[in-house]
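The figures here come from the full heavy-atom set of this structure, side chains too, leaving out hydrogens, waters and symmetry mates. Note that the structure is a prediction, hence the values are computed from the model and not measured.
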Amino acid sequence: MSAPAPPDAGGSVRAGVLGPLSLVVDGENRTPSAPKPRQLLAFLLLNANRAVRASDCITELWGSHPPKTAMSTLQTYVLYIRQILRSPPADHSRTLVTRNQGYQFALDPRASDRLRFEALAARGREASAAGAPERATRLFADALAVWRGPVLADVTSGALSSPHIVELEEARTSVLQWRVEADLRLGRHRELLDELRTLAAAHPTHENIHAQYMLALHRSDRRDEALGVFRRLHSRLGDSFGIQPVPRLRLLYEAIDADDPVLSAPPATLSPRAVFLQ
């Protein structure tokens, strides 16, 4: 379990991992330029407000064959980051604390782009579950707006940070789908067509994105195009992986092909989740 952050931790320190690495202290960019301190800072920020063992930091920085001086070198990097945090006009070195034979970068949740993204996404899910799609789509859009690019786009990732990066990128895609779903519930199918076409091209085998695109096309009186989306996906899955689309996606295809009246239900009561995911 994470220990609570110090009362003043992160008050004037802002950090970002959803894009290029960023460390801003009292309004000034203090992001390290040296590769190893950058990699260590990135790893600590990915685990903000959680204690990270020194041994894990070593694994992240040097893999399975660290140098004999790894521990002392790690301590030098930690000292360097603390010096950055201690620079005038204020001392924020308490933001990086030693804890449980390791280190913890303690941040106010509002000072971390990752933590803000996750909080906004959670509030969006709550709004969606409460039947408030308009509020949900605003919160999901706010969560996505926190992103500045691929996770830690300018930092070399190690063995322990790579799974975090993959998880965050997957979370971004999920939030995007939830936002699209909320927009579909609001009847914005025509407005979504260009975006969904781009998403389907970027994720050529992602079944839920294609389900959303199919439903938006069908509701825009473009049934033949919706059926074509399924057929292309069917071919790609077969050619790339030797598999068929999941049965629920085929059910959506068959409903569109038959012009099933259920697909003409009021947008607020029907979404790809109703047809495809449930």
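Environment of CZ in R148: crowded, with over 12 heavy atoms of neighbouring residues, nucleotides or ligands closer than 6.0 Å. Annotation: E169, atom CD; neighbour count of heavy atoms from other residues, nucleotides and ligands within 6.0 Å is above 12.
A salt bridge does not link E191 to R188: none of the charged nitrogens lies less than 4.0 Å from a carboxylate oxygen. Classification of R116 and D113 as a salt-bridged pair fails, no side-chain N sitting under 4.0 Å from a carboxylate O.
Residues P245 and L237 have side chains in contact (heavy-atom distance under 4.5 Å, counting atoms from C-beta outward). Residues K36 and L61 have side chains in contact (heavy-atom distance under 4.5 Å, counting atoms from C-beta outward). Between H92 and R82 there is no side-chain heavy-atom pair separated by less than 4.5 Å. Using a 4.5 Å heavy-atom cutoff, the side chains of R53 and Q101 are not in contact. Side-chain atoms of R222 and L193, non-hydrogen and from C-beta on, do get closer than 4.5 Å to each other. Between D239 and R236 there is no side-chain heavy-atom pair separated by less than 4.5 Å.
The CG atom of D194 lies 4.5 Å from the CZ atom of R197; values are rounded to the nearest 0.5 Å.
Residues passing the side chain to side chain donor-acceptor pair (under 3.5 Å) test with R179, sequence neighbours excluded: D183, E195.
Applying side-chain contact (heavy atoms from CB on, under 4.5 Å) to M214 and the options L249, L227, I209 leaves one that passes, L249.
Applying the ring pair (Phe, Tyr, Trp, His ring centres under 6.0 Å) test to pairs two or more places apart or on separate chains, none has a residue in residues 48-77.
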For residues 37-45, tabulate all N or O donor-acceptor pairs below 3.5 Å that involve a side-chain atom, not counting sequence neighbours.
unit_1	atom_1	unit_2	atom_2	d
R38	NH1	P32	O	2.8
R38	NH2	D154	O	3.3
R38	NH2	D154	OD1	3.3
R38	NH2	D154	OD2	2.8
Q39	NE2	E60	O	2.9

